[in-house]
Amino acid sequence: MPSEPNYKAELVGVFGHPVAENPTIVMQEAAFQTLGLNWRYLTIEVYPDDLADAFKGLRAMNFQGINLTIPHKVEVLKFLDEVAADAQLMGAVNTVRREGQRLIGENTDGKGFLRSLREDAGLDPQGKKVVILGAGGAARAITVELALAGATHLTIVNRSPRRGHELVALLNEKTPTQAVFTPWDQPYAVPPETDILVNATSIGLFPNVNDKPDLIYDSITSRLTVCDVIPNPPQTPFLQEAAARGAKTLDGLGMLVYQGAIGFKMWTGLDAPVTVMRQALAQAFNRG
Ligand code: NDP
């Protein structure tokens, strides 16, 4: 017997403002097509004052989930039925999934970083000493997940002392790691006992592609794994300097792909085709 037709699309997407340059649609749509799923990823402009109404709409239209980007990652907490423990610690949600009628907040940024560290760099953070440049949203997500994954020492290096101290207090109070703050008011020398160095600032992001963090680059040695969160362009001057000194490097494109892949699995229940997603994004960035 021929099966009943089913023309219904399952909806996911991103709420943001401004949102037009958010590239996530490229990798999620590539994944839906590869797996033959009748799912759509919509890039939706939502002004800050309209987030409550947008969530009513999302519930009314039975969206399967949504991503949140600037400026909604913190505000969204008000509109959820539950928030995962790590996202609660970070105080920010970038992915919402549904269980029946319940909307659950998650944060996949730090998880994407960890998966890239484990799978692309082959490194487990358990017992490691990590230096993080930055104390913004990306740094919060990465440090909380590193701490929960067993990194023993985290040094937060940040330009604004207030944000740096806040993050260190959070990590020391709420996770088993030992965190310290270092003000970033002169070129930073990476301590020799460091295992992993992460640029979690926006320095080097397109269009400022020649900028690099203010470091004493000769303090980078071949024992370090050096990571950047900047996905576009993936080969940042920071990573090039590190590679020239023999360090292993990890680009931000992997983190972006894996955080999307984790969201894809939360929504569809299926393993994401990460190679296809990575190729689709790399191609889109090359065109940009
Ligand atoms: P935030 O605005 O929350 O934080 C920015 C951070 O960068 C702050 O620590 C800020 O320091 C620091 N910073 C910016 N400019 C300078 C500068 N010139 N000198 C020193 N420090 C500087 O941004 P996010 O944390 O949300 O995002 C940071 C980057 O991470 C972005 O480029 C984003 O694209 C990337 N990202 C990548 C993801 C991926 O999947 N690859 C996922 C999420 C983010 P201060 O506190 O002093 O202002």
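If you read the sequence from its start, that first residue is 1, and numbering goes on from there.
Among all heavy-atom pairs drawn from V83 and Q88, the shortest one is O-NE2, 2.9 Å. What you find for H17 and P71 is that their closest heavy atoms are O-CD, 3.4 Å. The minimum heavy-atom distance linking V14 with I66 is given by the pair N-CD1, 3.7 Å. Across every non-hydrogen atom of E45 and P18, the tightest pair is OE2-CA, 3.5 Å. Residue D120 comes nearest to G254 through the heavy atom pair OD2-CA, 4.1 Å, listed as atom of the first residue, atom of the second, then distance. The minimum heavy-atom distance between V209 and P233, with the atom names listed, is CG1-CD, 3.5 Å.
Counting heavy atoms from C-beta on, the side chains of S222 and R245 never come closer than 4.5 Å. At least one side-chain heavy atom of I156 sits under 4.5 Å from a side-chain heavy atom of L171. Counting heavy atoms from C-beta on, the side chains of E145 and M90 come closer than 4.5 Å. A 4.5 Å side-chain heavy-atom check between V226 and I220 finds at least one atom pair inside the cut-off. Side-chain contact check for N158 versus P183: every heavy-atom pair is 4.5 Å or farther apart. Annotation: side chain of Q235 is in contact with side chain of Q240 (closest heavy-atom distance under 4.5 Å). Side-chain contact between V168 and V180 is absent, with no heavy atoms from C-beta onward closer than 4.5 Å. When side chains are defined from C-beta on, I70 does not count as touching K73, because their heavy atoms never get closer than 4.5 Å.
To the nearest 0.5 Å, atoms CG (L154) and CD1 (I142) are separated by 11.0 Å. We find the CD-OG1 distance between Q64 and T268 to be 9.5 Å, quoted to the nearest 0.5 Å. Atom-to-atom distance recorded for L205:CG and D211:CG is 10.0 Å, nearest 0.5 angstrom. One distance of note links CD1 of I230 with CE of M255; it measures 10.0 Å at 0.5 Å rounding. Here the CG-CG distance, from L148 to D86, works out to 6.5 Å after rounding to the nearest 0.5 Å. The structure places CD of E106 at 5.0 Å from NZ of K111, a figure rounded to the nearest 0.5 Å.
Residues D124 and R115 are not paired through a salt bridge, judged by the lack of any N-O separation under 4.0 Å between the basic side chain and the carboxylate. Salt-bridge check for E82 with R102: passed, with a basic side-chain N closer than 4.0 Å to an acidic carboxylate O.
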- What do the steps show when you test L239 against D251 for side chain to side chain contact (heavy atoms under 4.5 Å, CB included), and what is the final call? CA-CA 8 Å; L239 290 185; D251 69 44; 3.8 Å; yes
- Can I132 and V157 be said to form a side chain to side chain contact (heavy atoms under 4.5 Å, CB included), step by step? CA-CA 6 Å; I132 316 282; V157 182; over 6 Å; no
- Message: Could you go through T24 and N67, starting from their C-alpha distance and side-chain angles, then the distance that decides it, and tell me whether this counts as side chain to side chain contact (heavy atoms under 4.5 Å, CB included)?
- Response: CA-CA 9 Å; T24 305; N67 286 139; 3.8 Å; yes
- Query: Given F285 and F206, is the side chain to side chain contact (heavy atoms under 4.5 Å, CB included) satisfied, shown in steps?
  - Reply: CA-CA 10 Å; F285 288 155; F206 183 85; over 6 Å; no
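Side-chain contact, N22 with T43: no donor N or O sits under 3.5 Å from an acceptor N or O. Side chain to side chain, T108 and N94 meet the donor-acceptor criterion of an N or O pair below 3.5 Å.
Residue pairs satisfying the salt bridge (Lys or Arg N to Asp or Glu O under 4.0 Å) criterion with at least one member in residues 169-183, sequence neighbours excluded, are absent. Residue pairs meeting the salt bridge (Lys or Arg N to Asp or Glu O under 4.0 Å) criterion with at least one member in residues 178-205, sequence neighbours excluded: D195-R223. The list of ring-ring contact (aromatic ring centres under 6.0 Å, His included) pairs with a residue in residues 155-200, not counting sequence neighbours, reads H165-F181. Judged as a salt bridge (Lys or Arg N to Asp or Glu O under 4.0 Å), the pairs with a partner in residues 259-272 (not counting sequence neighbours) are, in order, K265-D271. Judged as a ring-ring contact (aromatic ring centres under 6.0 Å, His included), the pairs with a partner in residues 252-281 (not counting sequence neighbours) are, in order, F32-F264. Within the structure, the side-chain hydrogen bond (donor to acceptor under 3.5 Å, both in side chains) test picks out the following pairs touching residues 46-61 (sequence neighbours left out): R59-D81.
Proximity of a side-chain donor or acceptor of S219 to a complementary backbone N or O of A189 within less than 3.5 Å is not detected. Looking at Q178, its side chain never comes within 3.5 Å of a backbone N or O of N172 through a donor-acceptor pair. T201 contributes a side-chain N or O that, together with a main-chain N or O of I203, makes up a donor-acceptor pair within less than 3.5 Å. The closest donor-acceptor contact from the side chain of Q259 to the backbone of L256 lies under 3.5 Å. Within the 3.5 Å criterion, the main-chain N or O of A139 finds a donor-acceptor partner in the side chain of T143. In this structure, R98 contributes its side chain and F63 its backbone to a donor-acceptor pair below 3.5 Å. Listed for the T194 side chain is no donor-acceptor partner under 3.5 Å among the backbone atoms of V131. Counting only distance, with no hydrogens or angles, the side chain of E29 and the backbone of Y41 share a donor-acceptor pair below 3.5 Å. Distance alone, capped at 3.5 Å, places no donor-acceptor pair between the T95 side chain and the N107 backbone. At distances below 3.5 Å, not a single donor-acceptor pair connects side-chain atoms of N199 with backbone N or O atoms of C227.
Taken together through direct or relayed side-chain contacts under 4.5 Å among Ile, Leu, Val, Met, Phe, Trp and Tyr, L80 and I44 form part of one hydrophobic cluster. Transitive grouping of hydrophobic side chains (ILVMFWY, heavy atoms separated by less than 4.5 Å) brings L51 and M61 into a common cluster. Under a hydrophobic clustering in which Ile, Leu, Val, Met, Phe, Trp and Tyr are joined whenever their side-chain heavy atoms come within less than 4.5 Å, directly or via other members, V12 and V26 fall into the same cluster. L133 and I196 fall into different hydrophobic clusters, where Ile, Leu, Val, Met, Phe, Trp and Tyr side chains are chained together by heavy-atom contacts under 4.5 Å. Residues L167 and F113 share a single hydrophobic cluster, defined by chaining ILVMFWY side chains whose heavy atoms lie under 4.5 Å apart.
For R159, there are no side chain to side chain donor-acceptor pair (under 3.5 Å) partners two or more places apart in sequence or in a different chain. The ring pair (Phe, Tyr, Trp, His ring centres under 6.0 Å) test applied to F79 returns F55, not counting sequence neighbours.
In this structure, I104 stands alone, with no Ile, Leu, Val, Met, Phe, Trp or Tyr side-chain heavy atom under 4.5 Å from its own, directly or through other members. Grouping Ile, Leu, Val, Met, Phe, Trp and Tyr residues whose side-chain heavy atoms lie under 4.5 Å apart, directly or via other members, leaves I216 alone, with no other cluster members. Under a 4.5 Å side-chain heavy-atom cut-off, the cluster of Ile, Leu, Val, Met, Phe, Trp and Tyr residues that includes M266 is completed by I262. Grouping Ile, Leu, Val, Met, Phe, Trp and Tyr residues whose side-chain heavy atoms lie under 4.5 Å apart, directly or via other members, leaves V276 alone, with no other cluster members.
Each of T69, L42, L68, V76 was checked for a side-chain contact (heavy atoms from CB on, under 4.5 Å) with F15, and the lone residue meeting it is L68.
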